[in-house]
A.B. asks: 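The structure under discussion is supplied below as structure tokens; questions concerning it will follow.
In the text below, chain A, chain B and the rest are named by the order of the sequence lines, each starting its count at 1. The figures here come from the full heavy-atom set of this structure, side chains too, leaving out hydrogens, waters and symmetry mates.
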2 protein chains.
Amino acid sequence: MTDAAADALAALARARIVPTATTAERTADAVREQVVEGRLAPGVRLPEQAFCDALSVSRNTLREAFSQLIAERILARAQHRGVFVATPGVADVRDVYRARRLVEPGAVRHGVHAADPLGGKALRAAVEEGRAAAASGDWTGVADANQHFHRAVVGLAGSTRLDAWMALLLAEMRLIFHRIGAVEDFHAPYLERNAAVADLVEQGRLEDAAAELDAYLADAEARIVAALEG
Amino acid sequence: MTDAAADALAALARARIVPTATTAERTADAVREQVVEGRLAPGVRLPEQAFCDALSVSRNTLREAFSQLIAERILARAQHRGVFVATPGVADVRDVYRARRLVEPGAVRHGVHAADPLGGKALRAAVEEGRAAAASGDWTGVADANQHFHRAVVGLAGSTRLDAWMALLLAEMRLIFHRIGAVEDFHAPYLERNAAVADLVEQGRLEDAAAELDAYLADAEARIVAALEG
DNA sequence: GCCGGAGCGATCGTTCAACGATCCGGCGAA
DNA sequence: TTCGCCGGATCGTTGAACGATCGCTCCGGC
């Protein structure tokens with residue numbers, strides 16, 4: 001075998017083809033999108049039969065999809081009563097932010113990609129995405145960009161497991177934002193704070209960036225808790 | 001209503017009774033235990049029919065249990081070929097340790113319970129458990145105690161979500177230990193390093209404790225990678 | 001009037017049987 | 001040897017069924 005052929009084989013082995021995710025996975029994706037987009041509000045019930053009909057899948061397949069979303073804390077199951085969209089409370093917000101305030105500043109401070117230029121690029125891209133969305137009044141886009149920014153932050157740590165876990169936490173955050181309604185002005189103030197963090201990272205002032213990010217997360221937590229309790 | 005009755009009600013509400021976890025959950029627990037205890041080695045196939053018969057559950061229920069364990073990365077599914085015990089490789093070890101080296105020292109440094117005496121107690125208890133197990137030659141017990149120690153470390157952060165996630169990573173670590181076989185002398189050196197970290201935490205020298213823990217994790221990672229490649 | 005239990009419908013948890021789709025291994029032909 | 005084809009085994013998915021449990025309504029007793 002030629003070396004070129006060997007290289008091609010190796011490339012194929014890396015880029016493993018995933019045919020067409022199983023029906024249960026596609027179903028889970030569809031339901032998850034409805035939830036994080038806010039079309040299914042926290043607390044509403046999800047009757048199995050109705051969703052089977054709407055999605056044209058069998059009850060067993062739907063239940064498998066539900067199980068996955070329950071593991072992600074996007075849905076919640078009440079024994080013999082049905083499945084509901086999760087309604088995170090103040091305790092959940094505190095719990096999530098304790099984790100985020102440990103992980104995100106840590107990724108900035110010690111992440112394997114925090115010092116190299118590529119890491120800074122990802123942060124910068126999310127900041128620009130947010131600014132563009134704000135300029136065109138697309139507040140949903142601003143919220144998306146904010147999520148991308150925080151995903152880029154934990155991406156500095158260079159751990160796919162950490163990335164996946166943070167994606168779950170951020171999906172849960174979206175539920176919370178839908179609970180408190182006001183999405184617009186909630187994310188606006190963070191546009192410039194994201195930019196400040198990105199600047200500091202690009203300048204290599206990682207310690208300052210981490211401190212700013214920590215203060216910023218503490219502030220966000222306080223505002224969310226206030227909104228939930230008020 | 002009397003105050004006593006109100007108190008009793010409140011207590012019941014807190015200690016929510018979970019009747020008997022659903023069959024799928026119990027099935028998942030049973031399979032997970034077989035895997036993390038090493039009775040099902042990494043790479044072996046888990047035929048659905050055989051496990052249905054052995055566990056006396058229907059195929060649908062078993063598949064739901066499998067799905068959960070796959071989400072935990074304990075099992076892996078190959079489309080149309082079956083379910084296998086996961087076989088974590090060097091890349092997985094590196095990924096897990098990047099996450100652990102961010103989270104564990106961070107929990108020691110900034111955890112909300114790192115400074116209070118209760119947090120130190122949990123670490124101390126795990127250290128003593130490990131010493132007792134070592135004294136009686138119970139190497140499996142030493143490994144368990146080691147896991148308990150690291151669980152106590154992240155417990156300092158005070159986030160149940162973080163605790164649950166770390167439990168997944170630690171379960172994956174057990175798979176890796178089973179792959180490289182030598183469980184005995186692998187955990188032995190860490191008995192005293194765990195103790196050193198616990199001491200430093202109890203003395204309030206959190207920065208030193210975090211540094212020691214980070215060095216210790218880096219060392220462990222290097223030894224595991226060497227064992228896998230050797 | 002309202003408080004608590006009996007009855008009822010709806011839904012969930014679980015199982016079973018079945019069908020097509022896909023993969024693996026072996027056999028034969030070029 | 002290599003390729004194509006075929007059969008067997010297993011998976012992915014469906015539909016239907018049964019008992020169990022829940023929420024609600026209704027009714028009698030205080």
A.B. asks: Suppose we screen for salt bridge (Lys or Arg N to Asp or Glu O under 4.0 Å). Which residues come up paired with A/D219, at least two apart in sequence or across chains?
C.D. replies: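 Listed in chain order: A/R193.
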
A.B. asks: Name all residues meeting the side chain to side chain donor-acceptor pair (under 3.5 Å) criterion together with B/Y190; count only those two or more places apart in sequence or in a different chain, and write none if there are none.
C.D. replies: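 With sequence neighbours excluded, B/Y190 shows a side chain to side chain donor-acceptor pair (under 3.5 Å) to B/R223, given in chain and number order.
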
A.B. asks: Excluding sequence neighbours, so at least two apart, what forms salt bridge (Lys or Arg N to Asp or Glu O under 4.0 Å) with A/E48?
C.D. replies: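 Partners of A/E48 under the salt bridge (Lys or Arg N to Asp or Glu O under 4.0 Å) test: A/R59, A/R63.
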
A.B. asks: Tell me, for nucleotides 11-18 of chain D in 5' to 3' order, what letter each nucleotide earns: B for a base near a protein heavy atom under 4.0 Å, S for only sugar-phosphate near one, - for neither?
C.D. replies: SBBBB-B-

A.B. asks: Please identify each residue that fulfils salt bridge (Lys or Arg N to Asp or Glu O under 4.0 Å) with B/E128, with sequence neighbours left out.
C.D. replies: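 Once residues adjacent in sequence are excluded, the partners of B/E128 under the salt bridge (Lys or Arg N to Asp or Glu O under 4.0 Å) criterion are B/R124, B/R131.
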
A.B. asks: Provide, to the nearest angstrom, the distance between the CZ atom belonging to A/F66 and the P atom belonging to C/dG13.
C.D. replies: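 A/F66 atom CZ is separated from C/dG13 atom P by 11 Å.
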
A.B. asks: Quick one: list whatever passes ring pair (Phe, Tyr, Trp, His ring centres under 6.0 Å) with B/F51, sequence neighbours left out.
C.D. replies: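 Counting only residues at least two positions away or on another chain, B/F51 forms no ring pair (Phe, Tyr, Trp, His ring centres under 6.0 Å).
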
